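A quick write-up on the structure given underneath.
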Amino acid sequence: MMNKTIGLFAGSLRKESYSKKLAKAIAEMAPEGFEFKLISLGNLPIYNQDFDDHGPVPEEYIKFRNEVKSLKGLIFITPEYNRSIPGVLKNAIDVGSRPKGESVWNGKPGAVFSSSPGNLSGFGANHHLRQSLVSLIVSVMQQPEVYLAKVHEVFDENGKINERTLGFLQKAVDAYIEWFKKIAG
Ligand SMILES: Cc1cc2nc3c(=O)[nH]c(=O)nc-3n(C[C@H](O)[C@H](O)[C@H](O)COP(=O)(O)O)c2cc1C
């Protein structure tokens, strides 16, 4: 049987982004029967409804929408910008949500993992994202909640994530997969 593909969406464009590093580590955690795929968000033009209403629709939108359509599930790995999610992630969500009635997010089971170098661990971003996902009919795993505080401290000088954090992330991924199987069959 074909692997089920789960998309990983890291909400940062920064070269040394902690979110991207977490996403790369999570990409290695897929169990048998699943494949985790890093989805790139950085080349999407800022959403403008005129593209959909009057055309031409940017190629990048078409490619992104088709890519998300082919996914069975979604894991968002977000930092926090000004107590919300970074614009690059919100833009991707908006692009995927339109044209009206053709959202590519609809019905896909999701999970939200957040982090920050401070103590707040991206709580504000995590819950703002959940708010958008409610309107997009993405059921989000309720527990375990994943908040990583002091995220810069989980990496060693080679960028490797410490065992404790890897174990924590693996447990969250395992819980997501179990929950995914229950609700997606
Ligand atoms: C525009 C901007 C706003 C930020 N706002 C917050 C914030 O509200 N809360 C927080 O914990 N960190 C905030 N930060 C710090 C980010 O958490 C930090 O830069 C983090 O490393 C970004 O994630 P990344 O490593 O994946 O790029 C902000 C950073 C930027 C650039």
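Atom set for the values below is all heavy atoms of this structure, side chains included, hydrogens, waters and symmetry mates excluded. Remember, it's 1-based here, ligands and their atoms both numbered in the order they're listed. Everything numeric in this text was worked out from a predicted model, so none of it was measured.
- Within 4.0 Å of ligand 1, contacts by protein heavy atoms are made from Ser12, Arg14, Ser17, Tyr18, Ser19, Pro79, Glu80, Tyr81, Asn82, Arg83, Ser116, Pro117.
- Looking at heavy atoms from C-beta onward, Leu38 lies in side-chain contact with Lys24 at the 4.5 angstrom threshold.
- Residues forming a salt bridge (Lys or Arg N to Asp or Glu O under 4.0 Å) with Glu178 (at least two apart in sequence, or on another chain): Lys181.
- At most 12 non-hydrogen atoms from other residues, nucleotides or ligands lie less than 6.0 angstrom from CD of Glu59.
- Proximity of Phe34 to Ile177: side-chain heavy atoms (C-beta onward) are separated by under 4.5 Å at one or more points.
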Go through it in stages, so that I can follow the logic: the residues are Tyr18 and Phe155, the test is ring-ring contact (aromatic ring centres under 6.0 Å, His included), and I'd like the CA-CA distance, side-chain angles, deciding distance and then a yes or no.
CA-CA 9 Å; Tyr18 302 126; Phe155 302 96; 5.5 Å; yes
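- In summary, the side chains of Asp52 and Tyr61 do not present any donor paired with an acceptor at a separation below 3.5 Å, with no hydrogens or angles considered.
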